[in-house]
J.: 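Provided herewith is a single structure, encoded as structure tokens, for subsequent inquiry.
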Amino acid sequence: MIEEQYNFQALESELQQSWEEKRVFAVSEDLSKEKFYCLSMFPYPSGYLHMGHVRNYVLSDVIARYQRLLGKNVLQPMGWDAFGLPAENAAIKHKVAPATWTYKNIDHMRKQFKILGIAYDWSREIATCNPKYYHWEQWLFIKMYEKGLIYRKNSIVNWDPVDQTVLANEQVIDGRGWRSGALVEQKEIPQWFIKITNYAEELLTDLDKLGGWPLQVKTMQRNWIGRSEGTNIVFAVNHDDKPLKIFTTRSDTLMGISYLAISPNHTLAKKAAHNNLELQNFIKTCKQVKASEADLATIEKKGMDSGLTAIHPISQENIPIWIANYVLQEYGAGAVMAVPAHDERDHEFASKYQLPIKPVVEPKDSWDFQQHAYTGNGKLINSGQFNSLDNETAKTAITEFLISHQCGKQKIHYRLRDWGISRQRYWGTPIPIIYCSDCGPQTVPESELPVILPENVAIPETGSALKTLPSFYQTTCPKCHGPATRETDTFDTFIESSWYYARFACKNQDKAMLDDRAKYWTPVDQYIGGIEHAILHLLYARFFHKILRDFGLVNSDEPFIRLLTQGMVLKDSTKMSKSKGNTVDPNDLIQKYGADTIRFFSIFAAPPEQSLEWSDHGVEGAHRFLRRLWLFAFKYQQTLNEEGIMQKNDSTISIDWDKVSPEQREIRKEIYQLFKQADFDMQRLQLNTVAAACMKLLNVIAKIPELKIENDQEAEVVNKRLLFIGFSILLRTLNPIAPHITHYLWKNLNFGPTILKASWPKIANNALRSDTIQVVVQVNGKMRQQISVPFEASKEVIEQTALADTKIKTYLQNKSIKKVIVVPNKLINIVVGD
RNA sequence: GCCGGGAUGGCGGAACUGGUAGACGCGCCGGACUCAAAAUCCGGUGGUGGUAACACCGUGUCGGUUCGAUUCCGACUCUCGGCACCA
């Protein structure tokens, strides 16, 4: 019995409770069914759920529930990306331990999640700050170390000289530390790296296997990896025994070099500045800038002659070596050759410092080299023996010359750099390394894992907390058993999120990182998350998957088969944020309208990949629709129930749809047409139009009781059947989006025991048949009339019918027909002239 | 600066492979119900002109390809995401 009142609160909480008690979404490996692993990027437990989360997880749930209706064995887990900077900030601000703060946040957010009614298998919940989780990434680190994939080198960090702390890029505002306000300095410290560049080629070529990924994401990754073919060139440096190495893709312009530019962090820069106060000051100024590429690329280009010179490998001339603030130490070897005539950036720099601009490639038309660099192709000039060669040929010729003189070689270079994984922070996974003054760095023995992060810790405002804990860092060397110290740096938190998807398959496995269950569930069939992760997270996870594969832990090359990158949730056209005061609390909305309404609005308001503009009015519209659905069910529950019981008892009368009234046939056609479109849109994940189709379906079904039946019993049976079919299709199509209301109505209208065991509707092709079809008539490309012609009418018939149309005739008066284009079943365009 | 997106009525958006621009919803206007309001229901709703039939204009800007362009190509403007230590 359905009440008139749509009491969503009681209905939703009762259902959620029963789903949880019956563990209906807990799954295990089942070889008799096709598996479907649906995963959305796990959240950082910031403390409260925001609309961006809601959108992400609802999108994922719609896909998961749809796949379930298709009969698949669906896994949808949830966990917490629990390590990270905000916990330490909160710890300082509120004087609580990061662990306490984090676990409290997790508890709160889990509750918030549950009232959204998402079909999670909560038994697989993971928090990455749990030693049972990070144990295995420490283990993997050791395995990678043993395999030679880990090394240590110096690299640059943002240093706050007042707080004596390393700052994240986001903690540097206008070149100053966010708390102290001190000018940051670039500082070199030793850090651990993973050789992701060993996998650069595979990460690049395997992008071609990712047919289910958005093209834009693949393009971004391709450009990020940045494979380029070129030449490594070695320049001998005057009065120095160490040569300068550079990489260039323009070896053809070698004779046009004006200077070599090195990074202020280059060892040669230090040597040059040794007895030169002016250079020392210059280098110091260069280092007073945030160590991010975006900042380096936008600062004013500055340089200073180092006084050192290098020898040109062909002409043997001396070339000045400049120290330039725009050269990245991390990229290539921290040095570049500068050809102002043929490179925009070099041109700008040379113009500023009056360095020579020497053209070596001849443009086809006249060119003012003082104004612009010429980056196109042409024949070589001013290049001695290489003159008149076309510049592409010259690349090979010059490179071959360099090879034969032992000062160059062909090289494939990647923009991608090795992954620096050390963080000078407390709230992260301890790096399992022990430093022994006699034996050097040693990995922690496997039997001593995990290296547990002490949790009950006060976070100092300056420096790293682990450095203040002798009980943590004092230890013995695993090799010589003498006194030794532990590494106090922790892992980059991208490590945790690079393999969690696999751990969900076997989170209770405490003897190994992964087991065969991971081979069953991975790769993830559908991954959903924000576009902001298009490069870093997704590239690191792809890399880790290949590492796991090489250790035999998974048996696929790529972790995520299909990827959906959802857009942001905006309000008043800007990102929702606390500081702007334009946030919307999901809990308040669920209280007021119910989870189904919020879910429906999130899906309906925008296509998944685009940003979603929040609208309170729109939410009310979504709620209105669900209430209309409810009231319709309330009103016709008796009819629907009767039909349902007859269907169950197999006692229905069969209907010859060719004999029903044209209106009834039309309604049936509309229902299946709408479902066909919804089915197609669901497959291509255009979920907003699926939601729209549900609204249209209700509009169509609502017309059925209005159809005249005039005491005709047969017509009444047909109406009843139409109502039943239509409503049954609607409930199942809507179920992934609004699972509570559809679940309740399905059961109480006698459609079946539970919609969770129902199957996705099927299209009745005979309903879509049509004898005649509307064809658009255009004159000179403008729509002028619609005509009705037989289905699949020939071009001639369409043309004749169109030309015979009285309205069309008026457009053709006193004109001559130049051309007629006919698209069968669709359109005819008559091109006329005077 | 570099890489990758986006721009369609008053608003969110639709238009599948180049073929009726504006589906569906919101808002607004008018009507029904009501003492009244809310809720609900019915009708209308891109702009300009016209009593109307209808005509012209219209998918960020400028240009191109085509019988036909929101869709393809070129240039530009604004805007969003990323740039390796926010996650």
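Computation of the quantities below employed the complete heavy-atom set of this structure, encompassing side-chain atoms and omitting hydrogens, waters and symmetry-equivalent molecules. In what follows, chains carry the letters A, B, and so on, assigned in the order in which the sequence lines appear, proteins first and then strands, with residues in each chain numbered from 1.
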J.: Please classify the nucleic acid contact of A/E609 as base, sugar-phosphate, or nothing, using heavy-atom distances under 4.0 Å.
T.: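 Counting heavy atoms under 4.0 Å across all strands, no contact is made by A/E609.
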
J.: Is there a side-chain contact between A/N169 and the phosphate of B/A84, meaning an N or O under 4.0 Å from OP1 or OP2?
T.: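 Yes, such a contact exists.
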
J.: OP1 or OP2 of B/G25 sitting under 4.0 Å from any side-chain N/O of A/N699?
T.: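 Answer yes for this pair, as a side-chain N or O of A/N699 is under 4.0 Å from OP1 or OP2.
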
J.: Between B/G18 and B/C24, how many Å separate the two C1' atoms, rounded to a whole number?
T.: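 25 Å, rounded to whole Å.
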
J.: If you pin A/L215 and A/H617 to their nearest nucleotides in RNA chain B, which one's is more 5'?
T.: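 Here A/L215 is the residue nearer the 5' end.
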
J.: Quick check on B/A15: is either OP1 or OP2 less than 4.0 Å from any side-chain nitrogen or oxygen of A/Q686?
T.: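 Indeed, a polar side-chain atom of A/Q686 lies that close.
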
J.: Taking 4.0 Å as the cut-off, does a side-chain nitrogen or oxygen of A/R784 come that near to OP1 or OP2 on B/A55?
T.: yes

J.: Does atom NZ (A/K592) have a neighbourhood of more than 12 heavy atoms from anything else shown, all under 6.0 Å?
T.: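 At most 12 heavy atoms, drawn from other residues, nucleotides or ligands, come within 6.0 Å of this atom.
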
J.: A/N223 side chain N/O closer than 4.0 Å to the phosphate oxygens (OP1, OP2) of B/G4?
T.: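 Indeed, a polar side-chain atom of A/N223 lies that close.
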
J.: For B/C67 and A/N780 - does any side-chain N or O of the residue sit under 4.0 Å from the phosphate oxygens OP1/OP2?
T.: no

J.: Does A/T493 place a side-chain N or O at less than 4.0 Å from the phosphate oxygens OP1/OP2 of B/A87?
T.: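 Indeed, a polar side-chain atom of A/T493 lies that close.
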
J.: Using atom C1' in both nucleotides, what's the gap between B/C16 and B/G64 to the nearest angstrom?
T.: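 Their C1' atoms lie roughly 27 Å apart.
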
J.: Is any side-chain nitrogen or oxygen of A/K782 closer than 4.0 Å to OP1 or OP2 of B/C57?
T.: yes

J.: Specify the glycosidic conformation (syn or anti) of B/G9, with syn defined as within 90° of 0.
T.: syn

J.: What does A/L570 touch in the nucleic acid at a heavy-atom separation under 4.0 angstrom: a base, only the sugar-phosphate, or nothing?
T.: nothing

J.: Using a cut-off of 4.0 Å on non-hydrogen atoms, how would the nucleic acid contact of A/R345 be classed: base, sugar-phosphate, or nothing?
T.: nothing

J.: Strictly below 4.0 Å: does A/K696 bring a side-chain N or O up to OP1 or OP2 of B/C24?
T.: no

J.: Check whether any side-chain N or O of A/R624 sits under 4.0 Å from OP1 or OP2 of B/G27, and answer yes or no.
T.: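 Yes.
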
J.: May I ask you to verify if any side-chain N or O of A/Y811 is less than 4.0 angstrom from the OP1 or OP2 atom of B/A55?
T.: yes

J.: Do the ring planes of A/H50 and A/Y48 sit parallel (below 30°), tilted (30 to 60°) or perpendicular (above 60°)?
T.: perpendicular

J.: Quick check on ring-ring contact (aromatic ring centres under 6.0 Å, His included): which of A/F494, A/W499, A/Y501, A/W419 does A/F544 satisfy it with?
T.: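 Only one option passes, and that is A/W419.
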
J.: Please work out whether the ring planes of A/Y199 and A/F543 are parallel, tilted or perpendicular, with thresholds of 30° and 60°.
T.: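 Perpendicular: the ring planes of A/Y199 and A/F543 meet at over 60°.
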
J.: Between B/G5 and B/U51, how far apart are the C1' atoms? Round to whole Å, please.
T.: 49 Å

J.: Apply the test side chain to side chain contact (heavy atoms under 4.5 Å, CB included) to residues A/K818 and A/V832: give CA-CA distance (whole Å), side-chain angles for both, the deciding distance (0.1 Å), then the verdict.
T.: CA-CA 5 Å; A/K818 299 246 157 116; A/V832 298; 5.7 Å; no

J.: Could you tell me the Watson-Crick or G-U partner of B/G49, where both distances fall under 3.5 Å? Say none if there is no partner.
T.: B/C54

J.: Which letters describe nucleotides 28-34 of chain B, given B = protein heavy atom under 4.0 Å from base, S = only from sugar-phosphate, - = neither?
T.: -------

J.: Tell me whether the rings of A/H533 and A/H537 are parallel (<30°), tilted (30 to 60°) or perpendicular (>60°).
T.: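 Perpendicular.
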
J.: Please assess A/M41 against A/Y527 for the test side chain to side chain contact (heavy atoms under 4.5 Å, CB included), listing each intermediate value before the final yes or no.
T.: CA-CA 7 Å; A/M41 294 178 186; A/Y527 197 36; 3.3 Å; yes

J.: Taking C-beta and beyond as the side chain, do A/Q786 and A/L827 meet within less than 4.5 Å on heavy atoms?
T.: no

J.: In terms of the nearest nucleotide of RNA chain B, which residue is placed more toward the 5' end: A/F83 or A/M695?
T.: A/M695

J.: Tell me what A/E344 touches on the nucleic acid: a base, only sugar-phosphate, or nothing, going by heavy atoms under 4.0 Å.
T.: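 The residue A/E344 makes no contact with any strand.
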
J.: So if I take every side-chain heavy atom of A/N829 and compare against B/G19, B/G4, B/G82, which nucleotide ends up nearest?
T.: B/G19

